[in-house]
2 protein chains.
Amino acid sequence: MKAKKRVTIYDIAKKLNVTPSSVSRALNNSSYVNETTKKLILKTAEEMNYKRNTLASNLRRGQSKTIGVVVPRINQNFFANVIAGIEEITYKKGYNIIICQSGESYEKEVQSVNTLINQHVDCIVISISVDTEDYKHLQNVIDHQIQLIQFDRVAEELETLKVINDNEQASFEAVSHMISQGYRRIALLEGPQTLNIFRQRKNGYLQALAKHQMPVIDELIAQNAWTKELGATATRQLLSLSNPPDAIFASTSDFSALGVLEVANSMNFKVPQELGICGYSNENFSEITSPSITTIDQFSVYMGKTIANLFFQESENLQVETIPKVISIKPKLIARSSTEKNQQ
Amino acid sequence: MKAKKRVTIYDIAKKLNVTPSSVSRALNNSSYVNETTKKLILKTAEEMNYKRNTLASNLRRGQSKTIGVVVPRINQNFFANVIAGIEEITYKKGYNIIICQSGESYEKEVQSVNTLINQHVDCIVISISVDTEDYKHLQNVIDHQIQLIQFDRVAEELETLKVINDNEQASFEAVSHMISQGYRRIALLEGPQTLNIFRQRKNGYLQALAKHQMPVIDELIAQNAWTKELGATATRQLLSLSNPPDAIFASTSDFSALGVLEVANSMNFKVPQELGICGYSNENFSEITSPSITTIDQFSVYMGKTIANLFFQESENLQVETIPKVISIKPKLIARSSTEKNQQ
DNA sequence: TTTGAATATGCAATCGATTGTTGAAATTTA
DNA sequence: TAAATTTCAACAATCGATTGCATATTCAAA
């Protein structure tokens, strides 16, 4: 049994003794077909189990109705949520999304972007990897007239559409909250400063300290503590200082905050009385640790929807050139037990 | 400034005064081109920033080098991990994946599958939604000669490639473990029985009871308790019984197990002494609740890799018809504090 | 009956890349 | 040097759907 060929508009045309043009017009609901023949064609197409070849259609039309998404990892809550949000909107408009993971590698990011350009996607949505330090591949996207939307981790100098969180503000609020709770030696676990989001979060931390006339103590700033393990290691060092911090802001993620909590427990620091903890991202587990962890919600699903809507707005709005636009979503501080020093 | 057209092989051909055929051959590294011209063409293509139009290429070649994936939700740990696993393998082979979410709706699942057929994907990987009760759309995939791989939640009667967990065995082991820990009245939170995985987990539960000559008590089996909220509600009822259970197996997910834990705490049942709890899926939070929750790891990323590898094996193996094949992955029981009755 | 408009359909080019066939030039062999 | 062979490139068809233009048909108005 050899592979049957798929049914094409030619097959339908032949069967009904009309031209492929008419079949195509009928399927696209064009007005230039007789109502009767249109119905007949649609009925026959249905019967013959015809499926349009989107490849051919897109080639002819010069668009693909596809959006490419590049993220470091899809099995990371934040990114999975953003993608879910994007998909929810694009689906309704009949668009598909192609997903690529950069795995935090520059090489793979470039390759992913190239694949998407080859695929003639109508838009590329990207959150860059830690490794990414030059943006030729992104410039390339623009040069190919493909809409580029950066989100969360963005290359600031590139003038593209951006959907971001106001990290600095959120971070500022988190640290201010800790100060108002009575914490006085607040340590910072910072992420790789190549990523703008981590720079912004550090800024927010510094500004909150400044606003409250508190000194910046270098030994309380731990670099590159952006996983649970690295967070734990950094915490071990911090808590071993002769004058240890009374609070730790794990600005990178709730995972590192979790590392902090575990080390604090094992070293017998009482949370939140002797050590306040604040994380970032509102991972689902942060609510159920004991004590529950204060964190920052980024409205990730909403962010995804915003990205998709932005794309559709821009593509309907037929300006010759896109005006670089930045949509900033204000994250929300979620105060929980891990910073309730006052109440104790 | 009007949109520049993209560079095509014709542009390259014209510039170098050769034919498009030669350009194509050079780009595909065919042997029917002179080594010198090949190098020249490749160099020029590079300079002109040429990107192959995959649409045209695929149309001509009759394949798309694309795999479609349909899952209920992508921002659910298990599915996100499976997808990550698939992507890891397909990426290396130069394949793309297109993701669709069914959102547990039959309608949307059918539409997603149709879109993927239209896209001429080479393979469709699917885990069906709760709502799905007929399989015409899947049969349709087969009729279109598209490789179909079902995973996790599968339509058993359809003869396709399948990658599944041995749910029954895992469930059997989990309940046996609880029995060996000394629990005697073990309740079951079951999921919608339309899904095979939930039927299998129930079977495992029943078999474990049977093996240990324990009676099946109807009032200890709670139907449709497959979210955190539903799990909590069911638990409230179970613990209010005149003769409440001394353990609850939340066979649907760790989320419902979490619901159980919270209700147990609020109703002052001591876990694990007075109430044992076992979940399913090994969500990352199950390790850090207090007490930590016993659960079952499904090796989700590995499952994704298995799926992708299976596809490539089958497509290389040029048999005329695929032999329905089922790969079963044995999940692993992870015993934690929530079932440590013995040790207390 | 003729003219004009409206409607419906056919024809053929096009999107960009691939590939089987053919023929010319270059190289090897006799 | 002639014949045989190899190497390389051109030509043209093809994948399936879309669409501008041309033509045919129908019907109504003049």
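Just so it is clear: chains get the letters A, B, ... in the order the sequence lines come, proteins before strands, and each one is counted from 1.
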Which residues in residues 13-27 of chain A have at least one heavy atom lying under 4.0 Å from any atom of DNA chain D? A/S21, A/S24, A/R25
Any side-chain N or O of B/R61 below 4.0 angstrom from OP1/OP2 of C/dT18? yes
Between A/T37 and C/dT9, is there a side-chain N or O to OP1/OP2 distance below 4.0 Å? yes
Whether B/Y106 and B/H137 hold their rings parallel, tilted or perpendicular, with breakpoints at 30° and 60°: perpendicular
Rounded to whole angstroms, how far apart are CG on B/L55 and P on C/dG16? 10 Å
In whole angstroms, the gap separating P of D/dA13 from CG of B/L59 amounts to 18 Å
Could you tell me how far apart B/Y10 (OH) and D/dA10 (C1') are, to the nearest whole angstrom? 13 Å
Think B/Y50 has a side-chain N or O under 4.0 angstrom from the OP1 or OP2 of C/dA17? yes
Classify the side chain of B/Y32 and the base of D/dA9 as holding, or not holding, a donor-acceptor pair under 3.5 Å. no
With the threshold set at 4.0 Å, does a side-chain nitrogen-carboxylate oxygen contact exist between B/E316 and B/K93? yes
Whole-Å distance between D/dC15 C1' and A/D11 CG? 13 Å
When all nucleic acid strands are considered with a 4.0 Å heavy-atom cut-off, which category describes B/N58: base, sugar-phosphate, or nothing? nothing
Give the rounded distance in Å between these two atoms: CG of A/L40 and C1' of C/dA8. 15 Å
Check whether any side-chain nitrogen or oxygen of B/R6 sits under 4.0 Å from OP1 or OP2 of C/dC15, and answer yes or no. no
In terms of heavy-atom contacts, does CD of A/E157 have more than 12 from other residues, nucleotides or ligands at under 6.0 Å? yes
Quick check: does any side chain N or O of B/N165 sit under 3.5 Å from a backbone N or O of B/I329, one acting as donor and the other as acceptor? yes
Expressed in angstrom and rounded to an integer, what is the separation of B/N53 atom CG from C/dG16 atom C1'? 6 Å
Expressed as a whole number of angstroms, how long is the span from A/E35:CD to C/dT9:P? 11 Å
I need the CD1-C1' distance between B/I9 and C/dT18, as an integer number of Å. 8 Å
Which class fits the ring pair B/F312 and B/Y95: parallel under 30°, tilted 30 to 60°, perpendicular over 60°? perpendicular
If you compare every side-chain N and O of A/N34 against the phosphate oxygens of C/dA8 (OP1, OP2), does one of them come in below 4.0 Å? yes
Please lay out, stage by stage, how B/V326 and B/V154 fare under the test side chain to side chain contact (heavy atoms under 4.5 Å, CB included). CA-CA 11 Å; B/V326 179; B/V154 303; over 6 Å; no
Donor-acceptor pair, B/T44 side chain versus B/L40 backbone, under 3.5 Å? yes
